[in-house]
Amino acid sequence: MVTPSLVLFYAAAALTLGGGLGVVMTRNIVYAAFALLVAMMGVAGVFLLMFAEFLALVQVLIYGGAIVIVILFALMLTRVQDFEHLSDNRQWPIAAVVAAAIFGLLAASTVGTSVRTTTDAAGATVRTPVAFDALGESLFTQWAVPFEVASLVLLVALIGAVVLVRTSGGRD
Amino acid sequence: MTVVQGIYYALGALALFVFLSFMVLVLTWVERKALARIQMRMGPMRVGFHGTLQPLADAMKLVLKEDILPSWADRRVYWLAPLAVFIPSLLLWAVIPVGRDLVLANLELGLFYIVAISVLTVMGLLMAGWGSANKYAMLGGLRAAGQLVSYEIPFIMAILAVAMLVQSLNLETIVDGQRNFAYILVQPLGLFIFLTAGLAELGRTPFDIHHAESELVGGPFIEYSGAHWAVFFLAEYINTFTIGALTVLLFLGGWRWPAMPFDGFAHSTLSVIWFLAKTYAVILFIFWIRGTYPRLRIDQLMAFGWKLLVPLSFVNIVITGIVLFYGWPLWTLTLISLVLLGATFYAISRHQGTRLERMTVTVHSFRGTRSEPPVVQPQPEAALED
């Protein structure tokens, strides 16, 4: 049965796949970054269809906003002509294997995870939305340690970046 | 969703678009008049009574103007950029209420939606800057991105402190929470952070370095003309209106505070008018700042954002958290907030780069035949040292 949400799901999935293909197929690396944004928006759309509004908005804010912008920022400081054939990397078979492995892992864990749904009186499946305050509470109580570890990793990356770009010697 | 619902939403979106376009026309006129009064000019006077029809004439001129595509521009990116700026600014208004139930979608996560969507504007500015194949545009786009990403943090934090007070991200709930007192009375520091970061998000003076006329000529939009430039312009004014509306909703009590007389239809009409009046007051304040302050340099802008606003916004969150956690009365928050605000202004006034100094100017007049030039008494005057 074709329901509106099914149509919307296929639209979001097409957006995600098209964007993803665009990232790897295009020769122009700035186009690749824009295509990444399209793919991220598609993923946000899929989240939205699964009634995970909070996750969808996080997707838009973090990936669509911050990360793609930072990637573009870095790219635009370089000259695009210098990277004409950046996508033609000789290591692509290894990358393909790694990507396939990650896809397998994600697919397996997605299939293995049960989705919380309930059925209403008429027998139809209805949403059981996770309230965002419940999400926050579990993140900061039950999962506080992994959360802090993640922020620590980010902090290390941040300091590492500062150390890397700092010019050695007293030129500045 | 049924077809009727779809039509209902489409009509609502259309009404919103018309409303916002009208507001932009009014705003351009108000801005030109306000700036003119500040500079002791008359402003537009030719078209209509006191230039009231000037925005229409301008709009017509822009639409009829030739649309230029630079020969080195990246065609697709160049044409998509105005839309990438305009659509997020329009999408924001889907969740902003102008009165009780006068909103397209009353989202539970309204505030978070606003934060998430507003970031997308940067993408359009970067696209415009890169796609134009112009050094000025490119630099403008990069500056805009750097500025917006930096000031996004205090902006979100200031919003978060308000959300902590109400324990909700729903804009109507936030307005309802202010039925007895507006949050400006509890969070003056939050309002300061929000408005400052909001000005930076808008790219308005004193934070308009991404289209600083004296160095970048026109910033990311330099190559655009005609209708495509008009779309950027429209988005910019819609965003200004958005910041004004958000300030009113979050800090000035929305349509609820102070309480309105009457019931029923008269009440809702009055509340919309009250909301719009407050919004225009905030926007006039923004125009006033534009007419008064010089532009910050890019290093000053970054230093101000990262060294002052970001730490301050975190302090704001912490004090709000402490007061709420220990259940202290809210006036203690007001007190702490005011003390911190005072300390901030004191620190700015003592800081090397921004210190206020008295300057005395002696003017000699050599006109006339008197042997001794009359000396004009030195006028104490505060000047902003660069």
Side-chain angles (χ1 to χ4, degrees), chain A residues 3-8 22 26-38 40-41 44 47-49 51-81 127 129-137 140 158 162, chain B residues 1-3 5-6 74 76-77 80-81 84 87-88 91 95 105 107-133 135 137-150 152-153 155-156 160 163-164 167-170 220:
Chain A
T3 57
S5 55
L6 193 69
V7 175
L8 285 175
T26 180
R27 285 286 176 82
N28 188 328
I29 194 158
V30 175
Y31 281 176
F34 287 136
L36 184 63
L37 176 70
V38 173
M40 296 300 184
M41 293 295 128
F47 282 150
L48 210 54
L49 283 170
F51 298 110
E53 291 100 346
F54 185 77
L55 216 53
L57 288 176
V58 167
Q59 178 82 9
V60 173
L61 178 65
I62 306 288
Y63 290 95
I67 289 188
V68 176
I69 286 169
V70 171
I71 290 175
L72 275 175
F73 207 83
L75 289 180
M76 285 179 179
L77 290 174
T78 60
R79 260 188 294 176
V80 180
Q81 297 93 294
R127 59 185 268 200
V130 180
F132 75 97
D133 42 355
L135 200 69
E137 191 148 351
F140 286 104
L158 203 70
V162 170
Chain B
M1 193 160 71
T2 60
V3 178
Q5 258 178 321
D74 192 308
R76 277 175 287 183
V77 177
L80 275 178
I87 289 176
L91 279 180
V95 298
L107 283 193
E108 211 41 60
L109 294 171
L111 268 183
F112 192 54
Y113 172 90
I114 286 170
V115 166
I117 300 294
S118 65
V119 184
L120 291 179
T121 312
V122 188
M123 197 55 66
L125 295 178
L126 273 175
M127 283 169 81
W130 186 78
S132 303
K135 285 172 193 157
M138 180 81 208
L139 269 178
L142 287 179
R143 278 184 176 190
Q147 175 181 339
L148 281 154
V149 170
S150 312
E152 193 72 22
I153 301 164
F155 186 74
I156 295 175
L160 206 59
M164 282 165 76
Q167 299 285 308
S168 168
L169 291 173
N170 183 314

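Sequence lines set the chain letters: A, B, ... in the order given, protein chains first and strands last, and positions in each chain run from 1.
Using a 4.5 Å cut-off between heavy atoms, A:I62 does not touch chain B at all. If you measure heavy-atom distances from B:L142 to chain A, the contacts under 4.5 Å come from both the backbone and the side chain. Using a 4.5 Å cut-off between heavy atoms, B:V115 contacts chain A through both its backbone and its side chain. Contacts between B:M127 and chain A at a heavy-atom distance below 4.5 Å involve backbone atoms as well as side-chain atoms.
To the nearest 0.5 Å, atom CG of residue B:L107 and atom CG of residue A:L57 are 7.5 Å apart.
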For residues 69-77 of chain A, dump all side-chain donor-acceptor pairs below 3.5 Å to protein atoms at least two apart in sequence or in another chain.
none

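Residues B:Y113 and A:V60 have side chains not in contact (no heavy-atom distance under 4.5 Å, counting atoms from C-beta outward).
Residues satisfying the ring-ring contact (aromatic ring centres under 6.0 Å, His included) criterion with B:F155, sequence neighbours excluded, are B:F194.
Using cut-offs of 30° and 60° for the angle between ring planes, the A:Y31 and B:W130 rings count as perpendicular.
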**Request:** Apply side chain to side chain contact (heavy atoms under 4.5 Å, CB included) to the pair B:L120 and A:M41, showing each step before the final yes or no.
**Result:** CA-CA 11 Å; B:L120 291 179; A:M41 293 295 128; 3.9 Å; yes
